[in-house]
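Because only heavy atoms are used, hydrogens play no part in the values below, and waters and symmetry mates are left out as well, while side chains stay in. Lettering follows sequence order; numbering is per chain, from 1.
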2 protein chains.
Amino acid sequence: MRRSNAQLQSDRRAAILDAAQRCFSRDGFHQTSVQQLCLEAGMSAGNLYRYFPSKEAIIAGFVERNRAEAAQDFATVGEAASFFEGLGAIAQRYLIERPEEEVGLCAEIMAESRRNPEIARLYQQLERDVHALIVDMLRRAAERGEIARDVDLDAAATMLMVLADGMSWRRAASPGFDAKAVLPHLMHMVHSLLVHPPDGLHPPDGETRRAETAA
Amino acid sequence: MRRSNAQLQSDRRAAILDAAQRCFSRDGFHQTSVQQLCLEAGMSAGNLYRYFPSKEAIIAGFVERNRAEAAQDFATVGEAASFFEGLGAIAQRYLIERPEEEVGLCAEIMAESRRNPEIARLYQQLERDVHALIVDMLRRAAERGEIARDVDLDAAATMLMVLADGMSWRRAASPGFDAKAVLPHLMHMVHSLLVHPPDGLHPPDGETRRAETAA
DNA sequence: GAAAATAGAATGAACGTTCATTCTCTTGTA
DNA sequence: TACAAGAGAATGAACGTTCATTCTATTTTC
C-alpha cells in the first residue's frame, strides 16, 4: 500500500513558496491570482490546495520561512571577530546584496501585516526575535568594550532596525538608490550612536558645538 | 443652459479622496472595493465615476495631493530660526504627530508604487521633489555654518530620507514602537552625520577609537 | 425645460475554492 | 516475477461570489 511521502510534501511546499515569491514580489499578494501562481509553480489549482489550505496560508508561510532564515543568518554572521566587522557583514548581506525580489517581498509582507491580523501576529513575532538577537549582539559588544558601556541597548537595537527598514524601502521604492554609496554614511552614524551615545535622554547639544571642528 | 460647477467638482473630488484615504489606509487599495468606497463617501457608484475615470485614478490622486502638501510643509517649516530647530520641527511633524492613517496610506502608496508604473512615476517625482527640498535646506545650513561645510549634501539628504522611511515603517508595522522615545537617538545620529561627517568616502575608523571616551 | 447631478440596477469578467475524476506509484499476494 | 488492489498525487472544469465599470432612469438646479 502506498505511503505518504513526507519529503515530497516538504519539497512541494517549498516549490510553491518559491513560485509565490516570484509572483508576489512582482505583482503583490492581492493582484496575484491563484491561477497565475499555479502557472508559475507548474501545478494545478486543485493540487496546490493539497499543500496550503488557502492563499492566505501561503502568505503566512513566507513570514515563517523568513523568520527561520533571519535567525540563522544572525547566528552565523554574528560570530565575527569584532563587533563592527560582524555588523558590516550583516549590513552588506541585508542591505546591499539581498536580491531585489526578497526586498520587494518584504515590502509586501509589511504592507500586508498592517491589515491582516494573522500576518501581523507572525510578522511582529519575527520583529521581536530580530530585536532580541540585535540586543544580544550589542550586549556582547558592550561587555567586550567594543561599544560604549552605557548604550541604551533597547533603543539602539530599535534604531538599527529603523535604519534597516529605511534602507530596504529606499531600495524597493526608488530605482536610482545606491545603497552601497550611502552605506559608509550609515555606518558613520551607527558608530556615533554606539560609541559616542547621547548622554542620558536629552537631545544632543545641537547649537553649542559648531561645524568649525570639521571642514 | 446650465453650466458645470467647477467648485462642486473640486469639492466632490476632495470628499472622495478623503473617504478613500480612510478605506485605503484601513484595508489597502486592492482590498477596498468601489462599493465600499461609495458607501464611505456617501455616493453612488455611477456618480463616483463622474469624478474619477477609474479606481486607479483615485490612487494616483493621492500621490499628487501628498506631493502638494509635502512641498508646502517644507516651505513653511523650513523657515525656522536655526537649522536644527527647523529640522526638529519637521521631525516632530512627520515622524511623531502624523496621524496613523496617513502613515498607513503612505505605506500603501509605497507598496503600490513597486508594481504600478503610473504610481511609480508619480511617487518617484515626489521623492525627487522632497530630496531637492532637503538638499536646499542643507545647503543653506552649510552656508550659515550650522553644519559642516564639506557635508556630502546629496548623500546626507538621502540618509535623512532613509531615516524618515524607517521611522514611518516602524510606526506602521509595529504597534509597540515609541517614535518619541527614539527620536533623541535619531537626532544624535543626524547631528553626527551633518556636524562631524566622515572624512571623504572611506568608512569611519571603527576599531581605533574605542568606547573609553564615553562611559 | 434643459442639462448637470445623482442613484441604483445591470453586466461580464475574474476571483478563490471545490470536486469528481484520472494518473502514478507502492505493496501484498500468488 | 507478475499483477491487481489501494491510496497518494494531480488534474482542470465548474461553482458561487465579488469585482470594476457602464447603463438607464430620476431628481435637482439654474
Side-chain angles (χ1 to χ4, degrees), chain A residues 1-24 26-62 108-109 111-112 115-119, chain B residues 1-24 26-62 108-109 111-112 115-119:
Chain A
M1 206 172 291
R2 188 180 179 189
R3 291 235 296 274
S4 174
N5 184 341
Q7 181 60 46
L8 181 73
Q9 293 259 352
S10 151
D11 287 353
R12 283 280 178 282
R13 278 182 65 97
I16 291 170
L17 285 180
D18 288 341
Q21 173 156 326
R22 291 189 290 275
C23 288
F24 288 164
R26 189 195 327 121
D27 303 322
F29 290 139
H30 301 291
Q31 282 178 292
T32 298
S33 72
V34 173
Q35 342 283 352
Q36 273 180 277
L37 227 152
C38 293
L39 203 71
E40 183 86 28
M43 183 183 293
S44 68
N47 201 34
L48 186 141
Y49 273 83
R50 288 180 28 86
Y51 298 99
F52 289 94
S54 70
K55 188 183 174 186
E56 198 191 16
I58 301 179
I59 303 175
F62 278 120
E108 208 59 41
I109 290 173
E112 182 66 11
R115 57 183 102 99
N116 184 326
E118 174 62 8
I119 305 299
Chain B
M1 187 180 303
R2 189 178 172 198
R3 294 248 290 283
S4 171
N5 183 341
Q7 181 61 43
L8 181 72
Q9 293 259 349
S10 153
D11 288 353
R12 284 279 178 283
R13 277 181 66 97
I16 292 169
L17 286 180
D18 288 340
Q21 173 155 328
R22 290 188 291 275
C23 289
F24 289 165
R26 190 195 325 123
D27 304 322
F29 291 140
H30 301 291
Q31 282 177 293
T32 298
S33 70
V34 173
Q35 273 87 347
Q36 275 179 274
L37 228 152
C38 293
L39 203 71
E40 183 86 28
M43 182 183 291
S44 69
N47 201 35
L48 185 141
Y49 272 82
R50 287 180 27 87
Y51 298 100
F52 288 94
S54 70
K55 188 182 173 186
E56 199 190 15
I58 301 179
I59 303 175
F62 277 120
E108 207 60 39
I109 290 174
E112 182 66 12
R115 59 184 102 97
N116 185 325
E118 174 61 9
I119 305 299

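Evaluation of the side chain to side chain contact (heavy atoms under 4.5 Å, CB included) rule for Asp18(B) yields Arg22(B), Arg65(B) as partners, not counting sequence neighbours. By the side-chain hydrogen bond (donor to acceptor under 3.5 Å, both in side chains) test, Arg12(A) is found to be paired with no residue, residues two or more places apart in sequence or in another chain being considered. Under the side-chain hydrogen bond (donor to acceptor under 3.5 Å, both in side chains) criterion, Glu112(A) pairs with His30(A), Arg115(A), Asn116(A), sequence neighbours left out. In this structure Ala45(B) satisfies the side chain to side chain contact (heavy atoms under 4.5 Å, CB included) test together with Cys38(B), sequence neighbours excluded. By the side-chain hydrogen bond (donor to acceptor under 3.5 Å, both in side chains) test, Gln35(B) is found to be paired with no residue, residues two or more places apart in sequence or in another chain being considered. A search for side-chain hydrogen bond (donor to acceptor under 3.5 Å, both in side chains) contacts involving Gln21(B) returns Glu101(B), not counting sequence neighbours. With sequence neighbours excluded, the residues satisfying side chain to side chain contact (heavy atoms under 4.5 Å, CB included) with Ser54(B) are Glu56(B), Ala57(B). By the ring pair (Phe, Tyr, Trp, His ring centres under 6.0 Å) test, Phe24(B) pairs with Phe29(B), Phe62(B), sequence neighbours left out.
The distance from atom CD of Gln7(B) to atom C1' of dC30(D) is 17 Å, rounded to the nearest whole Å. Whole-Å rounding puts the Arg13(A) CZ to dA10(D) C1' distance at 18 Å. Atom CD1 in Ile16(B) sits about 11 Å away from atom P in dA7(C), given to the nearest Å. Between the C1' atom of dT11(D) and the CG atom of Leu37(A) lies a distance of 17 Å, rounded to the nearest Å. Rounding to whole angstrom units, CG of residue Leu39(B) and C1' of dA7(C) are separated by 14 Å.
Shown for residues 48-57 of chain A: residues whose heavy atoms fall under 4.0 angstrom of DNA chain C, namely Tyr49(A), Ser54(A), Lys55(A). A heavy-atom distance below 4.0 Å to DNA chain D is reached by these residues of residues 26-34 of chain B, ordered by number: Thr32(B), Ser33(B), Val34(B).
With rounding to the nearest 0.5 Å, the separation of OG in Ser10(A) from OH in Tyr51(A) is 10.5 Å. Annotation: the span from Ile16(B) atom CD1 to Leu48(B) atom CG amounts to 4.0 Å, rounded to 0.5 Å. Rounded to the nearest 0.5 angstrom, Leu37(B) CG and Lys55(B) NZ are separated by 7.5 Å.
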>> Under the criterion side-chain contact (heavy atoms from CB on, under 4.5 Å), I'd like the reasoning laid out for Phe52(A) against Val34(A): C-alpha separation, chi angles, the key distance, then a yes or no.
In response: CA-CA 12 Å; Phe52(A) 289 94; Val34(A) 173; over 6 Å; no
>> Evaluate Asp27(B) against Gln36(B) for side-chain contact (heavy atoms from CB on, under 4.5 Å), listing each step before the verdict.
In response: CA-CA 10 Å; Asp27(B) 304 322; Gln36(B) 275 179 274; 3.5 Å; yes
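Each end of the helix from dG1(C)-dC30(D) to dA30(C)-dT1(D) gets its own axis from five base pairs, and the two axes differ in direction by 0°, given to 10 degrees.
Across all strands shown, Gln36(B) has no heavy atoms under 4.0 Å from either base or sugar-phosphate atoms.
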Might you list the N or O atoms of the protein lying below 3.5 Å from N or O atoms in nucleotides 12-15 of chain D, with each pair's distance?
unit_1: dG12(D); atom_1: O6; unit_2: Gly46(A); atom_2: N; d: 3.2

